[in-house]
Amino acid sequence: MTKRDFLATDEWSDEAILALLAHAARLKRGEASGSLAGKVLAMIFFDPSLRTRTSFEVAMLRHGGHAVCLEPGKGSWAIETRPGAVMDGDTVEHLVEAARVLGRYADALGVRSFPRAATWAEARRDEVVRGFAAHAGVPVINFESARRHPCQGLADALTLQEKLGEPKGKRFVLTWAWHPKALPTAVPVSAAIDAARLGMEVTIAHPPGFELDADDMAAIEAVAARNGGTVKVTHDIDEAIAGADAVYAKSWGSLACFGNPSAEAEVRAPFRSWRVDEARMGATRGGQGIFMHCLPVRRNVIVTDGVLDGPWSVVTDQAENRLHAQRALLLDLLGGLS
Ligand code: CP
């Protein structure tokens, strides 16, 4: 039987994702259970994490399994990820052996690897997480790569279902926000895909020069078209937020300047006012739209204290939903659903 990886939600069918979300909601309410007894998840973090690491470890523990965490270069060997590399530098173990060996020890692998390539053309191939998937022999879960953060997308969709009742036809606004560094596009793309899958009217607001990858936009539009949603792009944050049911703030770097931080910072500099504050949330539908962010978030840069600590914010529930969505995912992938 072919193994199933979870590398991008848009690589799974709408039916499979909607079933996962329904199961996650039942698990959260205590109406379903399942066993991962004796199962092991090996987690490989090339980059830091609070939520992904902890929620996967807790999910395994809650269902009787175990998670092992590796941080290459910190207590485990530095891993070479480039295919065909002549390994006469600092890396002592190749991704191919690491994936094959970990696949013999564990029932599933999770891999976090942010973009490191010099160009977007290279980074967009997500070669690290896809390399582990090619060589592990067991299911691989994308813990966030250059292109996708599918577990975050699941939790975002679960939160939209919980908070909005029936999200279909409601307005989901993904707004770019200023941040001191160029961040990956994985979270905004994944959030938009999963909001579109719920049949929402998706508006993506960003300054000129911050266009998402054309294939990723096509993926969002394809999911929307299948599910009765719509997708619109604007360069006006206030026009976007007016009347929104959900405002999801996220920064991302200009792909046109990928690999050139000083040029990218110059493109970003004029847009410091792209920040979500109380006045902007007051302009949402009835002043009662929800505020979403994947976390970690820089307070008073991306969003004000008043929004995060006010009635609009659902960011803690959103983070909690990582746990329930991933419980459903692990039980599905590892055959423990009951
Ligand atoms: N949202 C998210 O993935 O959080 P971490 O980076 O802390 O895992």
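Nothing here was measured: the structure is a model prediction, and the numbers come from that model. Indexing begins at 1, ligand by ligand and atom by atom, following the structure's order.
- Between the side chains of H23 and R26, no donor-acceptor pair is found at a separation under 3.5 Å.
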CA sep, side-chain torsions, deciding dist, call: D317, T159, side chain to side chain donor-acceptor pair (under 3.5 Å): CA-CA 7 Å; D317 295 321; T159 308; over 6 Å; no
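- Exactly one residue among V247, V233, I204, I220 makes a side chain to side chain contact (heavy atoms under 4.5 Å, CB included) with L174. That residue is I204.
- Using cut-offs of 30° and 60° on the angle between ring planes, the pair F6 and W12 is perpendicular.
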Could you list the donor-acceptor pairs under 3.5 angstrom formed between side-chain atoms of residues 96-104 and any protein atom two or more places apart in sequence or on another chain?
none

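- Within 4.0 Å of ligand 1, contacts by protein heavy atoms are made from S49, L50, R51, T52, R112, H149, Q152, C294, L295, R322.
- The backbone N or O of R148 lies less than 3.5 Å from a partner atom in the side chain of N142, making a donor-acceptor pair.
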